[in-house]
Structure formats: structure tokens, C-alpha cells
There are 2 protein chains.
Amino acid sequence: MNDLCTKEKILKTARVLFADHGFEGTSVRDIAKIAEVNVASLNYHFSSKENLFKEIVTQGFGECAAEMKAYCSAHNPRLEDAIVHLFQYFLGSSHDLVTRFKILMSVKHSQHFSVGTEDENFGPPGGKIIAEMIAAEAGRPVSQEDMAFALGTLYAHITQVALIHHCLYKNVPMEKYPYRSVEALEKGVRRLTALILADLNTSKV
Amino acid sequence: MNDLCTKEKILKTARVLFADHGFEGTSVRDIAKIAEVNVASLNYHFSSKENLFKEIVTQGFGECAAEMKAYCSAHNPRLEDAIVHLFQYFLGSSHDLVTRFKILMSVKHSQHFSVGTEDENFGPPGGKIIAEMIAAEAGRPVSQEDMAFALGTLYAHITQVALIHHCLYKNVPMEKYPYRSVEALEKGVRRLTALILADLNTSKV
DNA sequence: GTCTATAAATAGATAGAC
DNA sequence: GTCTATCTATTTATAGAC
């Protein structure tokens, strides 16, 4: 932490605190104290608490979108691997996932961000490219209804499972919950993806 | 609103405000103003803001659990209908669902409630009875891993879909999003339930 | 039970010295 | 850029009259 400049310290600390306690539940004094910087430096660097939050959120969304784009370009993966990769990314950046959800559920902040919608920057990361994979790997033309079902079910699954893992099982000994281990969860993601694809292939057009 | 006593006005109003703006984002003054009661009455009836919140949460969880229990006793439904019923209940009480999720994601409040865990009162409503249905309708013995996958996937789907509907599509004209209508979503729930059951029936034991 | 008034703490933001 | 000190507003909670 000591080798980071003040601005970076604030960003790094606030990113976790906003996720853990929410925007209203986090005071600028909390951030300053834990980041070991002066309270006034927050307003100096970000002009307001609201603005600091927006920078953090935009940064998190940008990183996620960029990562998915890079992965797909580099590996040209099949649907199952792309979904698993996104799932793993959610697990690794689960603080951002939590913040994303808190924004979605906040009447105040959901107006400022388009999280959850079809928006290119704030929507489900890689939504378009994942949809193309589904269309390509389905054995037949995919209707709008089928696509909404397939895409919606896959995203719902990986976000929900990553969220539950972050909030309930991240710091719990896995001996008690073997089927909650990352490996088991990943296996479930693959299983569901295969199920959805098989359904698209076999059900009537 | 006028025929309600002060305590009921507070409960009814706070239940929505806590869901929309979160615990920290809602002040007792906001509640008093919208409920059209005096500020001091909140502390008189509930002794503290924290306690008011706990009463609301406990009430919501209790209603949900009781409703599922009553439905299953009365109709002795198959898995698909039970899941759809729970989904419809989530849609109808989506404010409570949002609060439930905010608690789950709050470091502070997740310690006071067991939301999301196997707890009988605060865990996934009807978890045990749904698990029994899955075991009964699967054509073979269901391993712990399979049960976790089936139960987890179904709950993840209906909670996530109900949540997204509440936050994004509840007050939006459905002409633009026909596949986001309640009917279409319900169809998706049935489709996924059938898929999961079929997978349990066909995959190797 | 309901009200007014107020206490006591904390919030975000800023002014000005260095 | 960083600090101390402070301003202003808002928070929860309470005391005491009615």
C-alpha cells in the first residue's frame, strides 16, 4: 500500500469499501482512515464522493469488458469456455460484481448507470459476442425468445452463483460444503451450458 | 393509508423505502414524511431504526415461508408448479426480494440474518420441500452434487429473473421487450425446470 | 400516544497555511 | 499536493409538554 500514490490508495480502498458497505454505508472518513490518507485528499483528487464512486464503477466495468474482449480475440473460444471464463472473472472480481448489483438495485444509482441493460459499456459484459456464439453453436435458427432464455439463464446462473460464493462461502472451509468449491461450481456452469445448448439443438424450431 | 394506525403506516412505508434506497440510504425522517407520521413515533414504536428494519425483514421472510408452506400443503404440487409459484411470489413481493439481496451483500447486516443459507427461517424459502420434490421426480437416486446443482440453478434463475424484472422492466412498456413479459419469463422458468429434471433422469448415475 | 424542541454525533465539503 | 481546522447540513435519538 505504501508504494501507491494517494490517488491510487483511495481508489483501491474505496473499491472494496463501497462493495462491502454500499455507497451510503461508506463515509469518506472511513475511506481516508483505511487508505491511510488525509480526508481532504479525497475531495482534492475526486472533487466529490459521488464522483469518486462513478470513477470506480466506470473503471470496473471497463476492465471487465476489456478482459472478455481480449480473451475472445486471443482464444476464439466455444460458448462453454467463454461462459466459464466470464464466471471465473466474476469470482476474481467479485467486489465489483457486488457493487454492480447494488447499483442495479438502487433507485438512485440505477438512473446514472445502465448496468444490467443492453448498454455496450455497462450492460452484461460480452453480451453480444456470447449471443453470437449461441447462435453459431445452436443447430438451428435461434428465435428471439430462445435467445433471451439461453442468454438470460446463463448470465443469471453465473452472476448469482458468483455472488452467493462471494457473500457466503468465500471464507468458509470447503470441507463442509464440497459442492460449493470453485471446482464444483465451475462444473455446474459447464453442465448448465451444455444443457442449454442441447435444448436449443433438440427442441422443435 | 389513512385507515392504518401509525405503526402500520410506518411498517408499510419503510418496507418500500428500505428496498428502494437501502438501510443507510433511508433516513427515519424520509419514512416519517412519506408515511405522514411524526418523526418521534418511529422511536416510540420501534425504539430504533435498526430494530424497525429487523422487524420488517423478519416479517417479510415469515410471510414468504408461510405462503410456500400453505401452497404446498393445499395443492401438493409437482416441482414445476411449485417453482413457478415461488417465482410468482417473488415477482409479487419483489421489494422484499430486493431487501433480502441487499442484506446478503451487506457485510454489516448479513451477520444479523442468515439470508441465503440453509436456515429454516431466513434461508431459501421452501428449500427442503423443493429438494424433496426433486428427489421424488428424478428417476434415480440424486447425489449431493446433483441436488446442489438442480436446487441452486433453479433458485438462482427465479431470484435473478425476478430481481432483474423488478429493477429494469417492471415499469417499462412490454411492446419493446415481449420476451420480458411475465408470461414469457414464467415460460422460461418452466422450460428450465423441465430441462433440469430431464438431465437428472437421463444422465448416468 | 403524539407532538415540539433539541441534544449529540456524524456526514460531505471547503478555506487557508505550508 | 497535503495538512489542520472548520463550516454547514443532516443524522439518530431523546426529553418533556400536552
Side-chain angles (χ1 to χ4, degrees), chain A residues 1-59 99 102-103 106-113, chain B residues 1-59 99 102-103 106-113:
Chain A
M1 183 72 92
N2 290 335
D3 54 338
L4 295 177
C5 74
T6 299
K7 194 170 180 180
E8 286 169 337
K9 279 188 196 172
I10 295 170
L11 284 170
K12 186 178 175 182
T13 304
R15 198 162 174 170
V16 177
L17 288 181
F18 280 142
D20 283 352
H21 308 103
F23 179 78
E24 290 89 353
T26 305
S27 72
V28 291
R29 283 179 159 78
D30 292 337
I31 300 171
K33 195 174 181 181
I34 296 180
E36 295 176 329
V37 301
N38 190 275
V39 205
S41 64
L42 276 87
N43 273 286
Y44 175 77
H45 286 289
F46 300 97
S47 70
S48 77
K49 181 190 177 186
E50 195 86 34
N51 197 255
L52 165 62
F53 184 65
K54 286 183 184 172
E55 283 206 28
I56 287 174
V57 172
T58 306
Q59 181 181 330
T99 297
K102 289 189 174 174
I103 292 172
S106 155
V107 168
K108 177 183 175 187
H109 285 116
S110 61
Q111 298 171 335
H112 300 316
F113 300 101
Chain B
M1 184 73 91
N2 290 336
D3 54 338
L4 295 177
C5 74
T6 299
K7 194 170 179 178
E8 285 169 338
K9 279 188 196 173
I10 296 170
L11 283 171
K12 187 179 175 183
T13 304
R15 198 161 174 170
V16 177
L17 288 181
F18 280 142
D20 283 351
H21 307 102
F23 179 78
E24 290 90 353
T26 305
S27 72
V28 292
R29 283 181 158 77
D30 293 337
I31 300 171
K33 195 174 182 180
I34 296 180
E36 294 175 331
V37 301
N38 190 276
V39 205
S41 64
L42 277 86
N43 274 288
Y44 175 78
H45 286 289
F46 299 98
S47 71
S48 77
K49 180 190 177 186
E50 195 86 34
N51 197 255
L52 166 62
F53 183 66
K54 285 182 184 172
E55 283 206 28
I56 287 174
V57 172
T58 306
Q59 181 181 329
T99 297
K102 289 189 174 175
I103 292 172
S106 154
V107 169
K108 177 183 176 187
H109 285 115
S110 61
Q111 298 171 336
H112 300 318
F113 300 101

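What you see is a predicted model; the values in this text were computed from it and never measured. In the text below, chain A, chain B and the rest are named by the order of the sequence lines, each starting its count at 1. Note: hydrogens, waters and symmetry copies are ignored here, and every other heavy atom, side chains too, is used.
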N51(A) side, atom CG; I56(A) side, atom CD1 - distance, nearest 0.5 Å: 10.5 Å
K49(B) NZ/CZ over F23(B) ring centroid, <6.0 Å and within 45° of normal: yes
Ionic contact status for E55(B) with R15(B), cut-off 4.0 Å: no
Nearest non-hydrogen partners of T13(B) and A35(B), listed with the distance: OG1-CB, 3.2 Å
For DNA chain C, the residues among residues 41-51 of chain A that have a non-hydrogen atom under 4.0 Å from it: N43(A), S48(A), K49(A)
Heavy-atom check, side chain of L52(A) versus side chain of L11(A), under 4.5 Å: yes
Cation-pi geometry met for K7(A) and F46(A) (6.0 Å, 45°): yes
Proximity to DNA chain C (any heavy atom under 4.0 Å), residues of residues 14-23 of chain B only: none
S106(A) side-chain N/O to K102(A) backbone N/O, donor-acceptor pair under 3.5 Å: no
Bracket notation of DNA chain C in which parentheses pair within the strand, [ ] cross earlier pairs, and | pairs with another strand (Watson-Crick or G-U, under 3.5 Å): ||||||||||.|||||||
N/O donor-acceptor pair under 3.5 Å between S41(A) side chain and Y44(A) backbone: no
Leading and trailing nucleotides of DNA chain C with any atom under 4.0 Å from heavy atoms of chain A: dA11(C) to dT14(C)
Euclidean distance, atom CG of residue D30(B) to atom P of dA13(D) [Å, nearest integer]: 14 Å
Derivation of the side-chain contact (heavy atoms from CB on, under 4.5 Å) call for V39(A) and I31(A): CA-CA 8 Å; V39(A) 205; I31(A) 300 171; over 6 Å; no
Listed partners of T26(B) passing side chain to side chain donor-acceptor pair (under 3.5 Å), at least two apart: none
Close side-chain approach of V37(A) and L42(A), heavy atoms under 4.5 Å: yes
Value rounded to 0.5 Å, distance of CG in L17(B) from CD1 in I34(B): 4.5 Å
All N/O pairs under 3.5 Å across the protein-nucleotides 4-8 of chain D interface:
unit_1 : atom_1 : unit_2 : atom_2 : d
dT4(D) : OP2    : N38(A) : ND2    : 3.1

Derivation of the side-chain contact (heavy atoms from CB on, under 4.5 Å) call for E24(A) and K108(A): CA-CA 11 Å; E24(A) 290 89 353; K108(A) 177 183 175 187; 4.1 Å; yes
Expected output: side-chain T58(A) to main-chain K54(A) donor-acceptor under 3.5 Å: yes
Parallel, tilted or perpendicular: ring planes of H109(A) versus F53(A), cut at 30 and 60 degrees: tilted
